[in-house]
Amino acid sequence: MEETNELIQERIKKLQRLKDSGVDPYGVSFDAKDKAREIIDKYGHIAKEEFETKNDNCTIAGRIVAMRDFGKACFAHVQDITGKIQVYLRKDILGEGYGLLKNIDIGDIVGLTGKVFKTKTGELTLEVKDISLLCKSLRPLPEKWHGLKDIETRYRQRYVDLIVNPNVREVFLKRSKAIKSIRNFFDSRGFIEVETPMMQPVPGGATARPFKTHHNALGIDLFLRIAPELYLKRLLVGGYEKVYEINRNFRNEGISTKHNPEFTMLEFYIAYADYQYLMNFTEEIITYVCKDVAGDLRVTYTISEDKEEIIDFTPPWKRLTMAEAMEAYGVDPSVFKDLAGAREFAVKNRIDIDKNASHGKVLDEIFKEKVEPYLIQPTFITDYPLELSPLAKRKKDNPELVERFELFIAGREVVNAFSELNDPEDQKGRFLKQVEARQAGDEEASFMDEDFVRALEYGMPPAAGEGIGIDRLVMILTNSSSIRDVILFPQLKPEA
RNA sequence: GGGCCUGUAGCUCAGUUGGCAGAGCAGCUGACUCUUAAUCAGCGGGUCGAAGGUUCGAAUCCUUCCAGGCUCACCA
């Protein structure tokens with residue numbers, strides 16, 4: 001971090017010269033009335049000749065990203081949040097102010113006012129009348145042509161990535177837009193946005209290993225939440241009928257292109273609705289967000305280097321039960337009969353399964369291996385085995401299945417939703433089952449949450465609840481192949 | 001955690017059989033008032049990821065370690 005090289009030394013010298021000449025190299029506030037993009041939009045279509053009689057001035061602030069020096073004149077590009085615009089500095093116009101240029105580098109942040117015109121080659125340009133340095137930059141930016149490619153540097157020094165890679169800026173603008181769009185959607189439909197604990201004494205609402213932390217004053221261990229579910233349902237008990245939360249979940253598991261230890265989840269609950277209602281509702285939300293962010297219901301997604309797919313969000317989306325989907329992708333229906341049948345199929349197809357795995361778990365494994373990767377277009381899968389869903393309501397006609405669906409897009413689970421179990425006795429029994437599984441060594445099994453059962457005993461209206469993985473959704477909307485490309489500061493090992 | 005790959009100048013990358021460490025951009029000096037990967041002349045810049053080993057000699061071969069990528073396992 002302390003490294004200094006010749007290029008930095010040069011800039012420090014310039015910094016000193018600026019100070020010596022009475023220039024504040026770290027500027028003050030600057031009223032940048034105009035934006036690069038707006039200027040280009042406003043004047044771009046006007047013919048070059050017309051500028052000869054015009055005298056329109058604009059004021060912008062931004063970072064110098066390119067410079068072409070001619071001795072007594074200089075072209076540069078200045079970049080602000082909206083984009084880049086060329087500026088033209090002339091000694092005969094700037095007079096003494098032109099001397100500032102000697103100590104200015106690519107990367108410096110400047111504010112300037114100039115007359116709008118078009119160059120010989122037709123590029124809209126500001127002929128600078130006044131320039132002030134707002135911030136001297138001490139480190140050289142990556143090369144102008146190849147930019148910053150090194151993935152590690154891009155993630156570790158995201159600020160540099162954002163300066164030089166416009167597509168990266170674009171991705172995170174889209175992410176912000178997607179989240180705003182989701183809020184609009186829910187707010188306009190009578191939901192209230194809530195915040196529930198990130199630090200929980202009993203981690204629940206999902207099957208995953210939690211992070212543990214400690215509160216000194218209370219003298220207790222707490223867990224970073226793996227899901228907000230149990231708290232949001234407590235709010236249904238409390239009388240709120242439509243709630244949503246957009247916030248971070250934390251899971252103490254592997255890191256991959258699809259997993260970051262902290263990730264953003266949207267969860268929402270609707271009293272008196274069920275999972276069937278939610279499927280339609282999900283189509284509505286996602287098409288709403290997709291239109292807003294991508295401008296179209298069809299988006300291109302790069303599945304792998306040599307495989308690109310157009311994902312079409314035009315509803316209705318395909319709906320299959322887990323069993324139907326398995327059959328459609330060539331899984332022998334005998335797997336549903338019993339554990340032995342499922343196990344046999346798994347072994348035959350070289351699917352790794354834990355030797356203690358239950359029937360439901362084995363089915364889940366087979367599904368993940370044989371079906372999930374092929375669900376490219378948005379597809380709802382319904383009717384999951386009870387034991388995989390300790391918080392979901394049983395199906396009336398088959399109590400071993402639950403009223404649940406997951407939505408798959410591009411071969412990935414993006415949504416998980418179900419009719420919420422509101423029978424306290426059943427819930428308590430399911431918790432106990434989970435506790436048993438935990439004692440038998442399943443580290444992901446849930447803990448008993450006594451207070452949640454107590455809440456259900458007061459009565460929770462029948463309700464439907466859903467979780468949407470925001471990072472994964474944004475990946476699809478921005479054609480990003482790694483979750484790290486949609487998280488500003490993804491988790492990495494500390495720099496050596 | 002396993003397998004495969006990568007790490008060389010600020011950035012993007014070459015580096016042959018083990019034989020003086022290279023290019024482009026960026027930087028510095030000079031020229032240049034419509035360039036846009038500006039151009040022209042010249043100059044400087046390296047812990048070759050780290051440590052150890054083999055060798056007369058290592059960026060290059062071997063071992064270990066560090067970081068990253070892809071992938072598998074686990075998961076969302």
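Below, chains carry the letters A, B, ... as their sequence lines are ordered, and counting in each starts from 1.
When the nucleotides A76(B), U12(B), A26(B) are ranked by their closest atom to the side chain of Leu7(A), A26(B) comes out on top. In the set C70(B), C25(B), A37(B), C70(B) carries the atom at the smallest distance from any side-chain atom of Ser482(A). Nearest to the side-chain atoms of Lys368(A) among the listed nucleotides A26(B), A76(B), A73(B) stands A76(B). Here C25(B) is the nucleotide among C25(B), A76(B), U33(B) with the atom lying nearest to any side-chain atom of Glu143(A). Relative to the side chain of Glu253(A), the nucleotides U12(B), G27(B), A76(B) differ in distance, and A76(B) lies closest. Distances were taken from every side-chain heavy atom of Thr257(A) (C-beta onward) to each of C70(B), U12(B), G68(B); the shortest belongs to C70(B).
If you check every strand for non-hydrogen atoms under 4.0 Å, Gly469(A) touches nothing. If you check every strand for non-hydrogen atoms under 4.0 Å, Asp471(A) touches nothing. Within 4.0 Å of Glu152(A), counting heavy atoms only, lie sugar-phosphate atoms of the nucleic acid but no base atom. Within 4.0 Å of Gly467(A), counting heavy atoms only, lies no atom of the nucleic acid at all. Looking at heavy-atom distances under 4.0 Å, Asp69(A) makes contact with a base. When heavy atoms are screened at a 4.0 angstrom cut-off, Asp364(A) is found touching no nucleic acid atom at all. Phe117(A) comes within contact range of at least one nucleobase, with a heavy-atom separation under 4.0 Å. Across all strands shown, Glu365(A) has heavy atoms under 4.0 Å from sugar-phosphate atoms exclusively, and none from any base.
Screening Arg225(A), Glu229(A), Glu262(A) for a side chain to side chain donor-acceptor pair (under 3.5 Å) involving Asn249(A) leaves a single residue, Arg225(A). When each of Lys118(A), Lys48(A), His77(A) is paired with Glu123(A), the side chain to side chain donor-acceptor pair (under 3.5 Å) condition holds for His77(A) and for no other.
Atom C1' of nucleotide A38(B) and atom CD1 of Ile106(A) are separated by 12 Å, given to the nearest angstrom. Whole-Å rounding puts the Leu141(A) CG to A26(B) P distance at 13 Å. The separation between Arg156(A) atom CZ and C66(B) atom P is 14 Å, rounded to whole Å. Atom CD1 of Ile8(A) is separated from atom C1' of C11(B) by 13 Å (rounded to the nearest Å). One atom, NZ of Lys493(A), and another, P of G69(B), lie 10 Å apart when rounded to the nearest Å. Separating the CD atom of Glu267(A) from the C1' atom of A76(B) is a distance of 11 Å, rounded to the nearest angstrom. Straight-line distance from the CG atom of Leu148(A) to the C1' atom of C11(B): 8 Å, rounded to whole Å. Atom CD1 of Ile151(A) is separated from atom P of C13(B) by 10 Å (rounded to the nearest Å).
Between Thr207(A) and A76(B), a side-chain N or O to OP1/OP2 separation shorter than 4.0 Å is present. Put simply, Lys149(A) has no side-chain N or O that comes within less than 4.0 Å of OP1 or OP2 on C11(B). Proximity of Lys72(A) to the phosphate of A31(B): no side-chain N or O atom is located under 4.0 Å from OP1 or OP2. In terms of phosphate contacts, Arg484(A) brings no side-chain nitrogen or oxygen within less than 4.0 Å of OP1 or OP2 of G68(B).
In this pair, Phe70(A) does not lay its aromatic ring on the base of C32(B); centres under 5.5 Å and planes under 30 degrees do not both hold. In this structure, Phe263(A) forms an aromatic stack with the base of A76(B), since both conditions hold: centre separation below 5.5 Å and plane angle below 30°.
Taking a cutoff of 4.0 Å between a charged side-chain nitrogen and a carboxylate oxygen, Asp105(A) and Lys14(A) qualify as a salt bridge. Taking the charged nitrogens against the carboxylate oxygens, Arg183(A) and Glu193(A) do have a contact shorter than 4.0 Å, which makes a salt bridge. Salt-bridge check for Arg175(A) with Asp471(A): passed, with a basic side-chain N closer than 4.0 Å to an acidic carboxylate O. Under 4.0 Å is where a charged nitrogen must lie from a carboxylate oxygen, and between Asp161(A) and Arg169(A) no such pair does. Of the charged side-chain nitrogens involved, none lies within less than 4.0 Å of a carboxylate oxygen, so that Lys361(A) and Glu387(A) do not count as a salt-bridged pair. In summary, Lys368(A) and Asp364(A) engage in a salt bridge, as defined by a charged side-chain N under 4.0 Å from a carboxylate O.
Judged by distance alone, with hydrogens and angles left aside, the side-chain atoms of Lys115(A) form no donor-acceptor pair with the main-chain N or O of Thr125(A) at under 3.5 Å. Between the side chain of Glu245(A) and the main chain of Thr196(A), a donor-acceptor pair closer than 3.5 Å is present. Proximity of a side-chain donor or acceptor of Gln157(A) to a complementary backbone N or O of Val160(A) within less than 3.5 Å is not detected.
To the nearest whole angstrom, the two C1' atoms, one in G27(B) and one in G2(B), are 45 Å apart. For the C1' atoms, the distance linking U39(B) with G45(B) amounts to 23 Å, nearest Å. Spacing between C48(B) and C43(B) at atom P, rounded to whole Å, works out to 25 Å. Atom P of A51(B) sits at a distance of 14 Å from the matching atom of A58(B), rounded to the whole Å. G22(B) and A9(B) have their C1' atoms separated by 10 Å, with the value rounded to a whole Å. G52(B) and U47(B): their C1' atoms are spaced 16 Å apart (whole Å). Nucleotides U6(B) and G15(B) are separated by 12 Å at their P atoms, to the nearest Å. For the C1' atom pair drawn from G10(B) and A26(B), the interatomic distance equals 7 Å after rounding to whole Å.
Residues from residues 35-68 of chain A lying near RNA chain B, meaning a heavy-atom separation below 4.0 Å, are Arg68(A) in numerical order.
With both pairing distances under 3.5 Å, U16(B) is matched to nothing as a Watson-Crick or G-U wobble pair. Checking G57(B) for Watson-Crick or G-U wobble geometry (two distances, each under 3.5 Å) identifies no partner in any strand. Pair assignment for C4(B) gives G69(B), based on Watson-Crick or G-U wobble hydrogen-bonding distances that are each under 3.5 Å. For C28(B), the paired base is G42(B) (Watson-Crick or G-U wobble, both distances below 3.5 Å). For U63(B), the paired base is A51(B) (Watson-Crick or G-U wobble, both distances below 3.5 Å).
Residue-to-nucleotide proximity on RNA chain B shows that, of Ser481(A) and Glu369(A), the 5′-proximal contact is made by Ser481(A). Both Glu10(A) and Trp145(A) lie close to RNA chain B; mapped to their nearest nucleotides by heavy-atom distance, the more 5′-ward contact belongs to Glu10(A).
The 12-atom threshold is exceeded at NZ of Lys129(A), counting heavy atoms of other residues, nucleotides or ligands nearer than 6.0 Å.
If you check distances only, the side chain of Glu123(A) never reaches the base of U35(B) with a donor-acceptor pair under 3.5 Å. One donor-acceptor pair, N or O on each side, does fall under 3.5 Å between the base of G44(B) and the side chain of Glu6(A).
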